[in-house]
Protein chains: 2
Amino acid sequence: MTAPEELTVAERIRNRFDNLTRAERQLANAIMENYPASGLGSITAVAIASNVSTPTVLRMAKKLGFSGFPDLQAALHLEIEATILNPIAKHNRWAENAPDTHILNRFADVVMENMRQTLRQIDPAEFNTVAELLSDREHAVHVVGGRITRSLADYFFTHMQVIRENVTLVAPNSNIWPHYLLNMRPGDVLVAFDIRRYERDIMGLVKMAKSKGVVVVVFTDQWGSPAAKHARHSFHSRIEAPSAWDSSVISLFVVEAMIAAVQSLSWEETEQRMKSLEDLFDQTRLFRKFT
Amino acid sequence: MTAPEELTVAERIRNRFDNLTRAERQLANAIMENYPASGLGSITAVAIASNVSTPTVLRMAKKLGFSGFPDLQAALHLEIEATILNPIAKHNRWAENAPDTHILNRFADVVMENMRQTLRQIDPAEFNTVAELLSDREHAVHVVGGRITRSLADYFFTHMQVIRENVTLVAPNSNIWPHYLLNMRPGDVLVAFDIRRYERDIMGLVKMAKSKGVVVVVFTDQWGSPAAKHARHSFHSRIEAPSAWDSSVISLFVVEAMIAAVQSLSWEETEQRMKSLEDLFDQTRLFRKFT
DNA sequence: AATTTTATGAAAATATATCTCCAGATTTGT
DNA sequence: ACAAATCTGGAGATATATTTTCATAAAATT
């Protein structure tokens, strides 16, 4: 036997429909008509929409086993939550041979949730715009990162360097940033990485670059680096992690997607460059042959 | 141009995120967290759930272009109605506002599959063993990466350096690797990153380190670096990507999970070190204060 | 360091929603 | 057709939600 609390409002209505009075049936039909959205307004709104009085709504709510109208509505909210929630996020266990509480599984849960949230926030149009900016050979691309984000900046730079010419990685030491600023021209793009704790210097660099007419793109976290306010475009990744540190996994995900987008916007040139690169590698015998 | 009334609440939040204040961003994130169900309660309930005051909720609602909170909520109700009525348009996409074929969605699919496969392959016992090895202060940890994996090595190094002393990042230039080999002692741990195309030099370094009694841990891809054969432990991440490059997202995921595991194995010391680090940052005023 | 601007939440004021009560309408049983 | 039981909604009482006001705190600017 299912406990009454676990029945949906719709089920309760169906179960007790025969016990309902005329006005209540009218109300029940109106609710089922466009369920569950029809039950979301105030008791007054629901009453009016169904052409019954508010006490009728209340009485039916009580008949259905709720303590009052707000109680019924809370149940509807939970149902909506359950219906709308993305089922992909609910993977019970990632590493099947490890317990749920193993760090691998906990991490996997959080990362997937981060991914879901991040993708919901990204505006694909803005993403495309930035990809186009970055594939424009007319203007240079400058990349800068902070203490932790340096690795991301470096990763991004390494790939962009293969895709196109005229890409600079700004050195981590902010003392010599003025040298880099010298080389930035209007229309150039500055890609800055900054997650908490946000670094003063990045903010400064962004402001100065902006005043020189440089288009600034900031990759930051869900709270947003202060530098993002001065940026033309910004991408917010969720960086939650079951650890003392933040997670950069999703930031890297967005970066890789961006690299892929830029690459496909200018595949012909990129392909050429990659081939030349292969040749160079062959000559230096840096790599073993891949089988 | 879309009329403002036709934008969803989520879109409005995205559009104006950069104009939001700290408390408002906190609220926005809480709403997006479990959207749209999170916005269904009373203004008070929403405020409490997000840990902000009710006026903040109201102010944000107005900033987003609504006349008040009930207006915002009515918009949510309409969205829910639209979503539920059209079940096909729903949840099979990550970035709901981009087509399935958009690179963001294709990337998300692949990453998710990579994660599944990778976690299925990892032996949690081995994972734990390596975490213990890395948290043993008696022995030094050396980290090395290749052309692409350098960023991962760097990331791992940066974090390990905070967690414990006696961690070295081996410089990318393999000419001077012999210098580093000089400092490796039996029982030390060498963490090497190597994904295709596998690099000859990494292989050489691993072999030599092994012959000196160093415990080698290799992070590689699903096919496995040849260096992995000489390693005591190895972790294989799936690096498939819808792009000309491989994806490092899952490798980073495993690295972060490992960092978290090591950190929790020696939390007391790590905590001390992190506090000292905070103090140092405060003194150098490198970061802006995070609120 | 001092000043201005902006952001924030506590608390009061207002508006709205919810519930209670009850008088009349409707149905049911005789 | 009549009495009893039940149903229904109007109107007021109460509770809650929403908005406004304002003092304080934080941040930006000078």
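Here is how names work: the chains are called A, B, and so on, in the same order as the sequence lines, proteins then strands, and each is numbered from 1.
- A donor-acceptor contact closer than 3.5 angstrom is absent between the side chains of A:T168 and A:Y180.
- Other residues, nucleotides and ligands place no more than 12 heavy atoms under 6.0 Å from the CZ atom of A:R232.
- At the heavy-atom level, A:R22 lies under 4.0 Å from the strands shown only through sugar-phosphate atoms.
- Atoms CG (A:L20) and C1' (D:dT8) sit 15 Å apart, rounded to a whole Å.
- For CD of B:E165, the number of neighbouring non-hydrogen atoms (other residues, nucleotides, ligands) closer than 6.0 Å is 12 at most.
- Within residues 70-77 of chain B, the residues having any heavy atom closer than 4.0 Å to DNA chain D are, in order of number, B:P70.
- Residue A:T56 is in sugar-phosphate contact alone, with no base atom involved, counting any heavy-atom pair closer than 4.0 Å across all strands shown.
- Whole-Å rounding puts the B:L27 CG to C:dA7 P distance at 15 Å.
- Two residues are said to be in side-chain contact when any heavy atoms from C-beta on lie closer than 4.5 Å; A:D221 and A:D246 fail this criterion.
- Distances shorter than 4.0 Å separate some side-chain N or O of B:K62 from OP1 or OP2 on D:dT20.
- Classification of the A:F253-B:F107 ring pair by plane angle, with boundaries at 30° and 60°, yields perpendicular.
- One finds the CG atom of B:L104 at 8.0 Å from the CE atom of A:M258 (value rounded to the nearest 0.5 Å).
- Between B:T21 and C:dA7 there is no side-chain N or O to OP1 or OP2 distance below 4.0 Å.
- Taking atom CG on A:L58 and atom C1' on D:dT14, their separation rounds to 13 Å, with Å as the unit.
- Following rounding to the nearest Å, A:R59 (CZ) and D:dC7 (C1') show an atom-to-atom distance of 7 Å.
- When distances run from any side-chain atom of A:A23 to the nucleotides D:dG9, C:dG9, C:dA17, the shortest one goes to D:dG9.
- Residues B:E256 and A:S247 bring a donor and an acceptor atom of their side chains to less than 3.5 Å of each other.
- In this structure, A:M60 atom CE and C:dC19 atom C1' are separated by 16 Å, rounded to whole Å.
- Taking atom CD on B:E24 and atom P on C:dT6, their separation rounds to 14 Å, with Å as the unit.
- Atom pair A:I43:CD1 and C:dT20:C1' shows a separation of 12 Å (rounding to whole Å applied).
- Between D:dT19, D:dT20, C:dT20, one nucleotide has an atom nearer to the side chain of B:P55 than all others, and that is D:dT20.
- Protein atom NZ of A:K63 is 8 Å distant from nucleotide atom P of D:dT8, rounded to whole Å.
- Taking the nucleotide of DNA chain D with the nearest heavy atom to each of A:K229 and A:N51, the more 5' of the two is matched to A:N51.
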